[in-house]
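Below you'll find the structure, written out as structure tokens, and then a few comments.
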Amino acid sequence: MARSAGDGPARLLALVPFRERHGFARPRWGRGDRSSPREQVSMSEFQASPQVEEPFPLETLRHSVAHLMASAVGRLFPGVQYGFGPCIEHGFYYDFALEEPLTDKDLRRIEKEMRKIAGRKPEIAREVTTREDARERLSAQGQTFKVEALDLIPEDEEISFYGHGEWADLCEGPHIDDFGQTFHFKLLSLAGAYWRGDETRPMMQRIYGTAFWKRAELDAHLEWLEEVKKRDHRKLGTELDLFSLHAEAGAGFVFWHPNLATVRREVENFWWEEHTRRGYDPVYTPHISRETLFAVSGHLENYGEMMYAPMELDAQPYRVKPMNCPGHILIYQNRGRSYRELPLRWAELGTVYRYERSGVVHGMMRVRGFTQDDAHIFCTPEQLADEIAGVCDLVDKVMRTFGFEYTAYLATRPEDKTIGDDDIWERATEALRQAAQKVDLPLVLDEGGGAFYGPKIDYKIRDALGREWQNSTIQCDFNLPERFDLSYAAKDGHAHRPIMVHRAILGSLERFVGGLIEHYGGKFPVWLAPKQVALIPIREEHSDYCRELEGELRRELIRVDCMDEPGHMNKKIKQAQHAQVPFMLIAGEREVAERTVAVRRRGTRDQETMPFAQFLELVRDLRDSRALELEPTPA
RNA sequence: GCUGCUGUAGCUCAGUGGUAGAGCACUUCCUUGGUAAGGAAGAGGUCAUGGGUUCGAGCCCCAUCAGCAGCUCCA
């Protein structure tokens with residue numbers, strides 16, 4: 001039979017719009033942007049090669065398994081009401097309204113029931129019916145959510161049910177033919193989810209699961225989920241003594257321990273280095289300002305809910321800053337500006353505070369106080385394209401240094417209320433496009449995705465686990481220059497309005513460094529590693545030699561841990577290994593006599609003896625080149 | 001903020017109404033060992049916090065705080 005399905009590719013494509021039409025925001029990065037494996041993750045290196053002999057696309061299988069699950073839930077929990085149950089990037093979910101809360105135990109029961117049903121190999125039947133009939137059937141079954149779903153289907157569309165056994169669901173398909181074929185699935189987790197993704201609507205219970213045609217693929221996926229768990233920055237944060245959070249201090253405030261503070265400082269040094277190279281000047285602005293500043297900027301009006309409550313000083317309300325731009329603008333405004341000094345590029349690692357709702361704070365990824373790697377470029381319209389190109393180049397340099405791949409998106413003018421006239425939008429968008437062309441940066445169009453105050457280029461980076469997250473953004477702003485009435489004296493002697501470019505490369509240090517922990521799995525490259533070298537004497541009498549090497553390494557600004565406390569070397573090797581120190585130098589009689597070191601690289605049990613001077617050069621090179629690997633790069 | 005779950009030693013976790021436990025880490029002593037945990041002893045907890053029920057609460061109930069899986073929202 002025509003296994004490519006009577007439904008064809010057009011029906012297949014309909015799967016995704018189905019959800020969007022119904023008012024779902026398609027989840028992009030989910031909670032904490034990168035913490036959730038289900039939606040936002042792709043599996044690049046874990047994914048098996050594409051299958052050719054699959055009877056149906058994976059999406060179709062998953063959608064059908066979601067139905068299988070729903071039918072099992074229906075048998076185990078009579079009276080359950082159904083919500084939506086689509087396939088998603090790495091699996092599927094189904095939403096249920098149930099009196100009692102589900103538990104993990106129920107998940108196993110449901111799985112068992114699913115296998116029971118699938119064991120009978122029921123066929124999946126499609127039935128086309130009228131809107132009236134569907135409404136009657138669903139109402140009779142008390143499926144109030146499904147009745148609502150019915151009303152969301154556009155007038156000109158066919159109404160269909162898909163079912164197996166005695167169970168059927170309002171659904172546009174497509175589905176596999178029957179449950180007789182071999183497939184593998186697992187139910188993964190439970191969560192609450194608002195009906196139709198709307199927080200004013202009732203909350204349903206969502207079950208997530210995944211399904212594959214091949215056992216090995218399911219296993220690989222589960223393995224990958226394990227790897228994600230192992231690399232969780234919160235777990236590694238404890239294991240490697242990187243950071244902590246404290247109930248005493250409140251939710252969403254990160255305490256950087258020496259190890260992670262070291263990583264951060266290296267990131268910051270690199271960041272400043274690259275900015276200085278590109279003609280940025282540093283600025284520092286206060287954390288607290290009079291409220292009137294944020295009234296002028298519009299933050300109070302548009303962003304007030306995210307801001308901390310005012311504090312009163314000398315009978316004046318003051319606010320903690322949620323963004324750095326107003327401060328930079330005050331500096332710009334401090335005196336008259338001439339076209340001769342533009343572009344001005346001002347950078348600040350500016351710490352801001354934003355009120356985040358209690359349920360969303362998450363490790364270092366979503367916090368209430370964080371440091372943005374912020375900069376603002378004040379320039380003329382003519383300079384815009386060059387300035388943007390400069391930022392694109394900077395993003396490329398930074399992301400490649402950390403080993404991230406990325407994709408850039410051009411976000412254009414949104415449909416509804418925006419400021420600035422067509423002409424300037426057109427010119428700015430064109431400038432972004434030209435700039436990208438200048439640096440050979442392909443742009444994916446994000447139609448209408450711009451901010452209300454201007455178009456932008458957003459970047460998504462892909463980490464070592466194939467997960468995507470957004471950090472860098474380059475935004476043209478016509479709004480703030482207007483609000484603050486910024487100007488510069490142009491060649492013609494008249495006052496002109498500068499364009500402001502807001503840009504962040506890393507986003508926030510908290511989120512970025514948290515991401516680095518997971519990207520590297522705690523195995524930081526040499527330049528970032530909290531301790532770069534561990535010195536281990538074989539016997540106490542070799543301590544002096546180790547101390548001497550420690551001194552030499554420190555003079556070269558190599559971060560070194562001389563482990564000459566009493567104890568056995570095996571234990572120290574294990575400790576250094578556990579701490580993910582890139583290099584262990586082990587010194588005993590032979591090494592002392594020859595002024596060599598036995599070098600053990602992270603991730604290998606082999607060792608290589610070399611003159612200490614040679615090692616010093618090696619580690620210096622790896623650090624200074626910000627190499628990602630522990631091997632010297634071949635010239 | 002919402003739904004569900006969790007909070008016991010620095011870490012990982014046992015302990016379901018009747019005298020607070022284990023492993024690792026830590027301290028001390030012994031051990032001088034050539035590449036992933038040497039041995040022994042010791043110290044360490046108002047069981048998140050505040051109320052309540054009970055003769056009696058780590059355990060049951062309520063509230064608060066914090067965390068976890070998501071939803072919604074975001075750098």
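- The base-pairing partner of B:rA37, taking Watson-Crick or G-U wobble contacts with both distances under 3.5 Å, does not exist among the strands shown.
- As judged by a 4.0 angstrom heavy-atom cut-off over every strand, A:Glu591 is placed among the base-contacting residues.
- With the nearest nucleotide of RNA chain B identified for both A:Gln575 and A:Pro101, A:Pro101 has the one nearer the 5' end.
- Here the nucleotide nearest the side chain of A:Gln372, chosen from B:rG1, B:rC11, B:rA75, is B:rA75.
- The A:Arg234 side chain lies nearest to B:rA69 when the options are B:rA66, B:rU72, B:rA69.
- Here the nucleotide nearest the side chain of A:Arg539, chosen from B:rA36, B:rU32, B:rA75, is B:rU32.
- Residue A:Ala598 is in base contact, counting any heavy-atom pair closer than 4.0 Å across all strands shown.
- Spacing of P atoms, B:rC13 relative to B:rU54, comes out at 36 Å, to the nearest Å.
- Ring-centre distance between A:Trp195 and A:Phe145: below the 6.0 Å cut-off.
- Closest to the A:Arg600 side chain, of the nucleotides B:rU35, B:rC26, B:rC71, is B:rU35.
- Set against B:rU72, B:rG34, B:rC74, the side chain of A:Arg366 has B:rC74 as its closest nucleotide.
- Applying the 3.5 Å distance criterion, the base of B:rU35 shares a donor-acceptor pair with the side chain of A:Gln607.
- Residue A:His362 has its side chain nearest to B:rA69 when only B:rA69, B:rU35, B:rG70 are considered.
- Taking for each of A:Glu199 and A:Glu589 the nucleotide of RNA chain B with the nearest heavy atom, the 5'-most of the two is the partner of A:Glu589.
- Side-chain atoms of A:Arg354 lie closest to B:rA75 of the nucleotides B:rC65, B:rU35, B:rA75.
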- request: Check the pair A:Asp606, A:Arg600 against salt bridge (charged side-chain N to carboxylate O under 4.0 Å, His left out), reporting the backbone distance first and the verdict last.
  value: CA-CA 6 Å; A:Asp606 307 332; A:Arg600 206 172 139 143; over 6 Å; no

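- A donor N or O paired with an acceptor N or O is not found under 3.5 Å between the base of B:rU35 and the side-chain atoms of A:Arg605.
- The side-chain tip of A:Arg206 points at the ring of A:Tyr93 from less than 6.0 angstrom away and within 45° of straight on.
- Side-chain atoms of A:His568 and base atoms of B:rU32 include no donor and acceptor less than 3.5 Å apart.
- Seen from the ring of A:Tyr353, A:Lys321 does not count as a face-on cation partner, given the 6.0 Å and 45° thresholds.
- The number of heavy atoms from other shown groups lying within 6.0 Å of CZ (A:Arg400) does not exceed 12.
- OP1 or OP2 of B:rU35 has not a single side-chain nitrogen or oxygen of A:Arg590 nearer than 4.0 Å.
- Taking atom CG on A:Asp95 and atom P on B:rU72, their separation rounds to 10 Å, with Å as the unit.
- The listed nucleotides are B:rA25, B:rA75, B:rU3; the one nearest the side chain of A:Met203 is B:rU3.
- With distances taken from any side-chain atom of A:Ser508 to the nucleotides B:rA36, B:rA75, B:rG1, the minimum falls on B:rA75.
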- request: Would you please test A:His63 and A:Phe92 for ring pair (Phe, Tyr, Trp, His ring centres under 6.0 Å) and show each step?
  value: CA-CA 7 Å; A:His63 190 194; A:Phe92 59 86; 9.5 Å; no

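- As rounded to whole Å, 10 Å separates atom P of B:rG70 from atom NZ of A:Lys229.
- For the C1' atom pair drawn from B:rA36 and B:rA75, the interatomic distance equals 40 Å after rounding to whole Å.
- No N or O donor and acceptor, one from the side chain of A:Arg357 and one from the base of B:rC73, sit under 3.5 Å apart.
- In this structure B:rU16 sits in no base pair that meets the Watson-Crick or G-U test at under 3.5 Å.
- Within 4.0 Å of A:Val352, counting heavy atoms only, lies no atom of the nucleic acid at all.
- When the C1' atom of B:rU32 is taken as reference, atom NE2 of A:His542 falls 10 Å away, rounded to whole Å.
- Rounded to a whole angstrom, the distance from the C1' atom of B:rU72 to that of B:rA25 is 41 Å.
- The base-pairing partner of B:rC71, taking Watson-Crick or G-U wobble contacts with both distances under 3.5 Å, is B:rG1.
- For the residue pair A:Thr596 and A:Thr609, no side-chain donor N or O sits within less than 3.5 Å of a side-chain acceptor on the partner.
- Look at A:Arg201 and you won't find any side-chain N or O under 4.0 angstrom from OP1 or OP2 of B:rU72.
- B:rU49 is paired with B:rA63 under the criterion used here, namely a Watson-Crick or G-U wobble arrangement in which both key atom distances are under 3.5 Å.
- If you measure from atom CG of A:Leu190 to atom P of B:rC5, you get 11 Å, rounded to the nearest angstrom.
- Residue A:Glu239 contributes atom CD, which lies 15 Å from atom P of B:rA25 at whole-angstrom precision.
- In the set B:rG1, B:rU32, B:rC65, B:rU32 carries the atom at the smallest distance from any side-chain atom of A:Glu540.
- Nucleotides B:rA9 and B:rG15 are separated by 15 Å at their P atoms, to the nearest Å.
- Put simply, CE on A:Met365 is 12 Å from P on B:rA69, counting in whole angstrom units.
- Nucleotide B:rA9 forms a pair with no other nucleotide shown, judged by Watson-Crick or G-U wobble geometry with both contacts under 3.5 Å.
- The interatomic distance linking A:Asp544 (CG) with B:rU32 (P) rounds to 19 Å, in whole Å.
- Remark: side-chain polar atoms of A:Arg601 are paired, donor with acceptor, to backbone N or O of A:Leu630 under 3.5 angstrom.
- Side-chain atoms of A:Gln205 come within 3.5 Å of backbone N or O of A:Leu102 as a donor-acceptor pair.
- Within the shown strands, nothing qualifies as a pairing partner of B:rU54 under the Watson-Crick or G-U definition with both distances less than 3.5 Å.
- In this structure, A:Glu248 reaches neither bases nor backbone, as no heavy-atom distance under 4.0 Å exists between it and the strands shown.
- Within 4.0 Å (heavy atoms only), A:Glu356 reaches at least one base atom of the nucleic acid.
- If you check distances only, the side chain of A:Arg511 does reach the base of B:rC74 with a donor-acceptor pair under 3.5 Å.
- A straight line from NZ of A:Lys574 to P of B:rG38 spans 10 Å, rounded to a whole angstrom.
- By the criterion of a centre-to-centre distance under 5.5 Å and near-parallel planes under 30°, the ring of A:Tyr208 forms no stack with the base of B:rG70.
- Across all strands shown, B:rG42 pairs with B:rC26; the Watson-Crick or G-U wobble distances both stay below 3.5 Å.
- Taking the P atom of each, B:rU64 and B:rC26 are spaced 40 Å apart, rounded to whole Å.
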